[in-house]
Novice: 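Below is the structure I would like to discuss, written out as structure tokens.
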Amino acid sequence: MKVNFKDLDSGEIEEWFTNQGLDAYRGRQVRQWLYKKLAFSFDEMSNLPKSIRSLLTDKACINNLEKIKAEVSEDGTEKYLFKLIDGHLIESVLIPEKDHFTICISSQAGCTMGCRFCLTAKQGFNRNLTSAEIIDQVIVVKRSMDTPDRLTNIVLMGMGEPLDNYSAVLMAMKNLISNDGMNFSHRKVTLSTCGIAPLIKKLGEDIQVNLAVSLNAADDKTRNFLMPINRRYPIKTLISACRDFALPNRSMITFEYILIKGINDRDRDAYNIIRILSGLKAKINLIPLNPHHSLKMTPPSMEEILHFRQILIDNHFTAIIRKSKGEDILAACGQLSGRHNKME
Ligand code: SAH
């Protein structure tokens, strides 16, 4: 198997080069080409001697993502469909904001978590992505942008559960934020999890990025129904892991809460949120459920959503309503299926 340098950190690349009998600084040069110049071939790496370039072409690979399709939504959101080397499909979404772009990337082909409202869950699980496949989503999209410098924010909120693919996700984030990597600000990288509690704590120890937790229900009965992971790590365990994560120098934890009519949108649900999050530096993103026909659930009316939000605000929580973008091209939260055609 050819090595992919995006699966290695800077120390490991240097080690690879010295093992080949080459100088370690050649590894640093390659990293520059990969992450700063977004190179797609070793031939481009003009400050390497030809002999090294041909050795690298033999022993290493660069990009294994094949762009199958890009769709643009009416609101400017772009959805990219990628084919992995073994044929599995994944999606990434480029979201225009006021003065920058955010990219939403996938961490797995499919997902094992089985959340009841999520379209990715319906396709089951294929495999974990490698660190290189996670990073290449950013690189391929960035290469296709007119204003690549405006891509400043990354959210791991696409297909898959990032903490279920911990080591590859950690390596990818390290390379995305390190100075000699893609150099994204760690304050602008957000990992979103369904709540694998022990790994939330570990993440807090291993790297400094923002955390988003898909809460979606504030009592165990409702959360067990919506999100099977809750049976393993119930709300009390989850919130306690969040408290451990929330070190003093960190910013707030974002709690995502999909609003689903008749299931988690009652007044008492809002009061439960207030109770379980009390004392945490938390901000709440209310997301009206993005419907699709395979779900038997619908979002509440805007009036009901505003009422729910008001309860949180009256109790001194920051709560915003986040209508996700790109619904018309099935690029919104929970709609990524990795299918070529829209689901029938
Ligand atoms: N596994 C991770 C990241 C992927 S899901 C996680 O659970 O956080 C990304 C976000 O999309 C989560 O907040 C999830 O709750 C939300 N989501 C899933 N299905 C949705 C739907 N049908 N409508 C709105 N949001 C949805």
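The model shown is predicted, which means the values in this text are computed figures rather than measured ones. Nothing fancy with the numbering, it's 1 onward along the sequence.
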Novice: Minimum heavy-atom separation for Ile95 to Cys104, with atom names?
Specialist: CD1-CB, 4.2 Å
Novice: If the threshold is 4.0 Å, N to carboxylate O, is there a salt bridge linking Arg266 and Asp269?
Specialist: yes
Novice: Just verifying a value: how many Å separate Phe101 CZ and Lys142 NZ, rounded to the nearest 0.5 Å?
Specialist: 12.5 Å
Novice: Report yes if the distance between the aromatic ring centroids of Phe5 and Trp16 is under 6.0 Å, otherwise no.
Specialist: yes
Novice: To check you understand the geometry: which heavy-atom pair defines the closest contact between Val138 and Leu151, and what is its length?
Specialist: CG1-CD2, 4.2 Å
Novice: For residues Asp136 and Asn64, is any side-chain donor paired with an opposing acceptor at under 3.5 Å?
Specialist: no
Novice: Apply the test side-chain contact (heavy atoms from CB on, under 4.5 Å) to residues Asn4 and Thr130: give CA-CA distance (whole Å), side-chain angles for both, the deciding distance (0.1 Å), then the verdict.
Specialist: CA-CA 10 Å; Asn4 189 318; Thr130 62; over 6 Å; no
Novice: Is there a side-chain contact (heavy atoms from CB on, under 4.5 Å) between Glu91 and Leu330 once you walk through the steps?
Specialist: CA-CA 11 Å; Glu91 289 172 334; Leu330 286 185; over 6 Å; no
Novice: Ignoring hydrogens, what is the shortest heavy-atom contact between Leu191 and Leu156? Give both atom names and the distance.
Specialist: CA-CB, 4.1 Å
Novice: Do the non-hydrogen side-chain atoms of Met45 and Val30 ever get within less than 4.5 Å of each other?
Specialist: yes
Novice: Check the hydrophobic clustering (I, L, V, M, F, W, Y; side-chain heavy atoms under 4.5 Å; chains of links allowed) and say if Val189 and Met171 are grouped together.
Specialist: no
Novice: Between Asn216 and Ser214, do the side chains contain an N or O donor and an N or O acceptor separated by less than 3.5 Å?
Specialist: no
Novice: State, without any angle test, whether Ser107 and Glu161 hold a side-chain donor-acceptor pair at a distance under 3.5 Å.
Specialist: no
Novice: When clusters are formed by joining ILVMFWY residues with side-chain heavy atoms under 4.5 Å apart, either directly or through shared neighbours, do Phe308 and Ile287 land in the same one?
Specialist: no
Novice: Counting distance only, does the side-chain N/O of Asp9 pair as donor-acceptor with the main-chain N or O of Lys174 below 3.5 Å?
Specialist: no
Novice: Restricting to pairs with a member in residues 19-40, which pass salt bridge (charged side-chain N to carboxylate O under 4.0 Å, His left out), not counting sequence neighbours?
Specialist: Glu14-Arg28, Arg31-Asp180
Novice: State, yes or no, whether a side-chain contact exists between Leu56 and Ile52 at a heavy-atom distance under 4.5 Å.
Specialist: yes
Novice: Does Tyr271 have any side chain to side chain contact (heavy atoms under 4.5 Å, CB included) partners at least two apart in sequence or in another chain, and if so, which?
Specialist: Asp267, Ile274, Ile311, Asn315
Novice: Does some side-chain heavy atom of Lys6 sit less than 4.5 Å from a side-chain heavy atom of Ile139?
Specialist: yes
Novice: Give me the atom names and distance for the closest heavy-atom approach of Ile258 to Pro288.
Specialist: CG2-C, 4.5 Å
Novice: Between Arg127 and Glu133, is there a salt bridge with N-O shorter than 4.0 Å?
Specialist: yes
Novice: Shared ILVMFWY cluster between Val155 and Met182, side chains joined below 4.5 angstrom?
Specialist: no
Novice: Tell me yes or no: between the side chains of Asn126 and Gln123, is some donor less than 3.5 Å from an acceptor?
Specialist: yes
Novice: Could you verify whether a donor N or O on one side chain and an acceptor N or O on the other, from Asn128 and Gln108, lie under 3.5 Å apart?
Specialist: yes
Novice: For a side-chain contact (heavy atoms from CB on, under 4.5 Å) check, start with the C-alpha distance between Arg223 and Arg231, then their side-chain angles and the critical distance, and finish with the verdict.
Specialist: CA-CA 8 Å; Arg223 201 161 190 274; Arg231 293 183 206 136; over 6 Å; no
Novice: Hey, does Thr193 have a side-chain heavy atom less than 4.5 Å from the side chain of Val213?
Specialist: yes
Novice: Can you tell if the side chain of Leu89 reaches within under 4.5 Å of the side chain of Leu84, non-hydrogen atoms only?
Specialist: no
Novice: Please determine, by modelled atom types, if Ser192 and Glu256 share a side-chain donor-acceptor pair under 3.5 angstrom.
Specialist: yes
Novice: Would the distance check show the side chain of Asn285 and the main-chain N or O of Ala319 forming a donor-acceptor pair, the cut-off being under 3.5 Å?
Specialist: no
Novice: Quick check for you: to the nearest 0.5 Å, what is the distance between Leu238 atom CG and Ile276 atom CD1?
Specialist: 7.5 Å
Novice: Are the side chain of Lys2 and the backbone N or O of Thr57 linked by a donor-acceptor pair below 3.5 Å?
Specialist: yes
Novice: Under a 4.5 Å cut-off applied to non-hydrogen side-chain atoms, are Tyr35 and Ser178 in contact?
Specialist: no
Novice: Distance-only, no hydrogens or angles: does the Asn272 side chain make a donor-acceptor pair with backbone N or O of Asp219 under 3.5 Å?
Specialist: no
Novice: What distance do Ser131 atom OG and Asn165 atom CG have between them, rounded to the nearest 0.5 Å?
Specialist: 9.5 Å
Novice: Under a 4.5 Å cut-off applied to non-hydrogen side-chain atoms, are Lys122 and His292 in contact?
Specialist: yes
Novice: Within the 3.5 Å criterion, strictly below it, is a donor on Asn264 or Thr222 matched to an acceptor on the partner's side chain?
Specialist: no
Novice: Is there a path of hydrophobic side-chain contacts, each under 4.5 Å between heavy atoms of I, L, V, M, F, W or Y residues, that connects Met157 with Ile135?
Specialist: no
Novice: I need the Ser10 OG to Glu15 CD distance, nearest 0.5 Å.
Specialist: 11.5 Å
Novice: Please say whether more than 12 non-hydrogen atoms of neighbouring residues, nucleotides or ligands are located less than 6.0 Å from CD1 in Ile320.
Specialist: yes
Novice: Counting only N and O atoms by type, is there a donor-acceptor contact under 3.5 Å from the side chain of Asp265 to the main-chain atoms of Gly262?
Specialist: yes
Novice: Side-chain contact, heavy-atom cut-off 4.5 Å: Ile200 with Asp244?
Specialist: no
Novice: Determine, for Lys202 against Asp206, whether the closest basic-nitrogen to carboxylate-oxygen distance falls under 4.0 angstrom.
Specialist: yes
Novice: Can you see which heavy atom on Asp328 is nearest to which on Ser73, and at what distance?
Specialist: OD1-OG, 2.7 Å
Novice: Quick one: pull up CD1 in Ile177 and CZ in Arg187 and give me the separation to the nearest 0.5 Å.
Specialist: 11.0 Å
Novice: Just jot down the side-chain hydrogen bond (donor to acceptor under 3.5 Å, both in side chains) partners of Ser185, sequence neighbours excluded, or say none.
Specialist: none
Novice: Can you measure from NE2 (His307) to CE (Met302) and round to the nearest 0.5 angstrom?
Specialist: 14.5 Å
Novice: Check the pair Glu304, Lys261 against salt bridge (Lys or Arg N to Asp or Glu O under 4.0 Å), reporting the backbone distance first and the verdict last.
Specialist: CA-CA 9 Å; Glu304 289 163 320; Lys261 192 176 176 65; 3.4 Å; yes
Novice: Could you please spell out the steps behind the side-chain contact (heavy atoms from CB on, under 4.5 Å) verdict for Leu211 and Thr254?
Specialist: CA-CA 6 Å; Leu211 179 68; Thr254 301; over 6 Å; no
Novice: Ile273 and side-chain contact (heavy atoms from CB on, under 4.5 Å): which partner among Phe317, Phe255, Tyr257?
Specialist: Tyr257
Novice: Where is the tightest heavy-atom contact between Glu44 and Trp33, given as atom of each residue plus distance?
Specialist: O-CH2, 3.2 Å
Novice: Find out if a path of hydrophobic residues (ILVMFWY) with successive side-chain heavy-atom gaps under 4.5 Å connects Ile313 to Leu286.
Specialist: no
